[in-house]
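Contents: one structure, followed by commentary.
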Amino acid sequence: MRIRALSNADASLPPWLAVIGIGEDGLAGLGDAAKAAIAQAAIVFGGARHLELAADAIRGERHVWLSPFERSVEAVLAARGQPVAVLASGDPFFYGVGVTLSRCVPRAEMRVFSAPSAFSLAAARMGWALQDTICLSLHGRPLDLIRPHLHPQSRILALTSDSDGPAALAELLVENGFGGSALSVLEALGGPRERVSHHRAGHFALSGADMLNVCAIEVEAGDHARVLALTPGLDDDLFEHDGQITKREVRALTLSALAPRRGERLWDIGAGSGSIGIEWMLADPSLTAIAIEADATRAARIRYNAGRFGVPALAVVEGAAPAALAALAAADAVFIGGGGSEPGVMATALAGLRPGGRLVANAVTTEMERVLLDHHARLGGSLIRIDIARAAPVGRMTGWRPAMPVTQWRWRKPESGESP
């Protein structure tokens, strides 16, 4: 469902929407202004728990959030001009409903009353510096998102979805070689049911955790822990692949050439194992990628790899280029690692780039190299040759065994957006 945003041009109404963060201590934790906004509201929206916490102050209609959530957002917008209160957990602008509403309601028409977030409360209980702690919401989101953050001595606060979340996190830690990590479970923070317990991931035995919980993790890596390095060019062995993978050193140079910037989208054509799209997304949470792969087995492998690297949102399109590119959203960057010599692939890829976008194509065959040389002669850009040799046994000694050379063409589309 697409939500129709109110126009800033019509922001002439006085503030009618109060977004109020409420903690487990209910009305006792709210200031007088927040309590007055609830009492004066003709309609109060919130989860059943929020409405119960604020019950003594509510005078207007109570509306429990609907499913899908977009229906309730539409109901809030439909009440424009009436005094409306929306109740949220803690800080409404930290993974909260305030973020969603701010996309639809002009800021001048909103008043916001924030409470401490679950992350702030958890950091206070643990004695951790919040600015040095990774704060991650796994509420309604895949646990895999924690994987890129699992580094020795890291501190992570993870908000989970339900009472099973802590045990599932412990299992993930153990499976990836982090069983020695300290895992504290902080339940129902700020209220009368608050409880804090401390465990080791490898010996986790807590049952019946409160639905409202935050896990505090002090990461300890075992000898074979699956740590994802922060720089591009991750070890090939971390990926499941059948040999169709942009090798580590070439991948690092390719990602440097693609030069990801916040919020950008990549097309990874002929994705193979998905390594380029995966490392592109690992560079920043705002980045997105679409992996295009004609082979169904490889496409399934890409999805598996994406989960294992903590980027499950990597989109996979099964199909052969150029036909598979036809309906895709425009790209800020395109990588062609396979199939670029097929008719129409380069032309479609170039047309799919936004103005100012970058294309990087690698060639290991003479046919693809000829395509790149022709495009370089016609459109410009830059060409490099990547030659890598690896030390290998030669009898009882060691010698250099060269890999297949790679020709790489890098090109930037003019800002005018003219098709080449």
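In what follows, residues are counted from 1 in the order of the sequence shown.
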- Message: Donor-acceptor check, side chain of R59 to backbone of D56, threshold 3.5 angstrom: yes or no?
- Response: yes
- Message: Within this structure, what is the OG-CG distance for the pair S197 and N213, rounded to the nearest 0.5 Å?
- Response: 9.5 Å
- Interatomic distance, R195 atom CZ to L206 atom CG [nearest 0.5 angstrom]: 5.5 Å
- May I ask you to test the L372-W411 pair for a side-chain heavy-atom distance under 4.5 Å? no
- Item | I43 backbone acceptor or donor facing E61 side chain under 3.5 Å | no
- Message: Using a 6.0 Å distance limit plus a 45 degree cone around the ring axis, check whether R308 lies over the aromatic ring of F239.
- Response: no
- Task: Please name the pair of heavy atoms, one in R155 and one in T133, separated by the smallest distance, quoted to 0.1 Å.
- Result: O-CG2, 3.5 Å
- N/O donor-acceptor pair under 3.5 Å between R301 side chain and S273 backbone: no
- Can you name the one residue among R251, K247, R248 that meets salt bridge (Lys or Arg N to Asp or Glu O under 4.0 Å) with D236? R251
- Query: Which is it for R125 and E194 under the salt bridge (charged side-chain N to carboxylate O under 4.0 Å, His left out) test, yes or no, and what are the steps along the way?
  - Reply: CA-CA 11 Å; R125 301 298 187 270; E194 179 175 316; 2.7 Å; yes
- Does atom CG of D32 have more than 12 heavy-atom neighbours, drawn from other residues, nucleotides or ligands, at distances under 6.0 Å? no
- Please walk me through it: do L234 and L282 pass side-chain contact (heavy atoms from CB on, under 4.5 Å)? CA-CA 11 Å; L234 295 173; L282 283 173; 3.8 Å; yes
- Salt-bridge contact R80-E109 (side-chain N to carboxylate O under 4.0 Å): yes
- Message: In the structure I gave you, are the side-chain heavy atoms of E24 and L53 within less than 4.5 Å of one another anywhere?
- Response: yes
- Query: Taking the inter-plane angle between the rings of W65 and F45 on a 0 to 90° scale, is it parallel (under 30°), tilted (30 to 60°) or perpendicular (over 60°)?
  - Reply: parallel
- Note on the structure: dist R358:CZ -> R410:CZ (nearest 0.5 Å) comes out at 7.5 Å
- Query: What distance separates H151 NE2 from I156 CD1, expressed to the nearest 0.5 Å?
  - Reply: 9.0 Å
- Task: Mark yes when over 12 heavy atoms from residues, nucleotides or ligands other than E175 sit less than 6.0 Å from its CD; otherwise mark no.
- Result: yes
- May I ask you to check whether S120 and D91 show a side-chain donor-acceptor distance below 3.5 Å? no
- Message: Looking only at side-chain N and O atoms, does N362 offer a donor or acceptor that is under 3.5 Å from a partner on Q408?
- Response: yes
- Identify whether the distance between the nearest side-chain nitrogen and carboxylate oxygen of R303 and E318 falls below 4.0 Å. yes
- Item | Under 3.5 Å donor-acceptor, E279 side chain and G233 backbone | yes
- Task: Check the surroundings of atom CZ in R385: do more than 12 heavy atoms from other residues, nucleotides or ligands lie under 6.0 Å from it?
- Result: yes
- Query: Is the backbone N or O of E52 less than 3.5 Å from a side-chain atom of R62, with the two atoms forming a donor-acceptor pair by type?
  - Reply: no
- Message: Run the salt bridge (charged side-chain N to carboxylate O under 4.0 Å, His left out) test on R200 and E220 for me, step by step, so that the C-alpha distance in whole Å, both residues' side-chain angles and the decisive distance to 0.1 Å come before the verdict.
- Response: CA-CA 10 Å; R200 289 285 171 184; E220 183 176 319; 3.6 Å; yes
- Query: Judged by atom type as modelled, is there a donor-acceptor pair below 3.5 Å linking the side chain of S341 to the main-chain atoms of M368?
  - Reply: no
- Item | Approximate separation, where rounding is to 0.5 Å, of L238 CG and N305 CG | 9.5 Å
